[in-house]
Amino acid sequence: MQFELLIPITLFVCIVFAIKIVVEARFRNKLLSTGGAEELLRSMARDEDIRRRHGALRWGIVMVLLAAAFGIIEAAGWREASPGMVAVLLGACGLGNLAYYFISRKLN
């Protein structure tokens, strides 16, 4: 694999992420300096915290199911990429997202 190609892609993603963080920080700073409604600020902070926790829950569930799928692939002795192997991995991702959906509905 050509790792030289990954360097500019990673750099681009890091730059975009840094710009996103700076823009969000400036937005919050302007909102605070203009004397925005305190309830609005609390609501934004609470929603961001919930969104962060739900993101961690989603990726945790998906990663656990992907690990189980890789375990199934290893136990089955599959060594070459095949449609069955791809189906197991995609099925694990789908089940992880569905599990997240049902768990998040119960949390709300």
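For the single chain, residues carry numbers from 1 onward in sequence order.
A salt bridge links Arg53 to Asp49: at least one charged side-chain nitrogen sits closer than 4.0 Å to a carboxylate oxygen.
Within the hydrophobic cluster formed by Ile, Leu, Val, Met, Phe, Trp and Tyr side chains joined at under 4.5 Å, directly or through other members, Ile21 is accompanied by Phe17.
Cluster membership check: Ile72 does not share its hydrophobic cluster with Leu65, using side-chain heavy-atom separations under 4.5 Å among Ile, Leu, Val, Met, Phe, Trp and Tyr.
With Ile19 as the fixed residue, the side chain to side chain contact (heavy atoms under 4.5 Å, CB included) test singles out one of Val16, Val23, Val22: Val23.
Taken from CG in Leu95 to CG in Leu90, the straight-line distance is 11.0 Å, to the nearest 0.5 Å. For the atom pair CG of Leu11 and CG of Leu6, the computed distance is 12.5 Å after rounding to the nearest 0.5 Å. One distance of note links CD of Glu48 with CD1 of Ile50; it measures 11.0 Å at 0.5 Å rounding.
Closest approach of Met85 to Trp78, counting heavy atoms only: CE-CB, 3.6 Å.
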Identify each donor-acceptor pair in which a side-chain atom of residues 56-63 lies under 3.5 Å from a protein atom, sequence neighbours left out, and give them as a table.
unit_1	atom_1	unit_2	atom_2	d
Arg58	NE	Asn97	OD1	3.0
Arg58	NH2	Asn97	OD1	3.4

message = Phe70 vs Val88, test: side-chain contact (heavy atoms from CB on, under 4.5 Å). Steps then yes/no.
response = CA-CA 8 Å; Phe70 277 114; Val88 169; over 6 Å; no
inquiry  = Between Leu66 and Cys93, is the side-chain contact (heavy atoms from CB on, under 4.5 Å) condition met? List the steps.
reply    = CA-CA 6 Å; Leu66 275 175; Cys93 285; 3.6 Å; yes
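Here Glu74 pairs with Arg79 under the side-chain hydrogen bond (donor to acceptor under 3.5 Å, both in side chains) rule; sequence neighbours left out.
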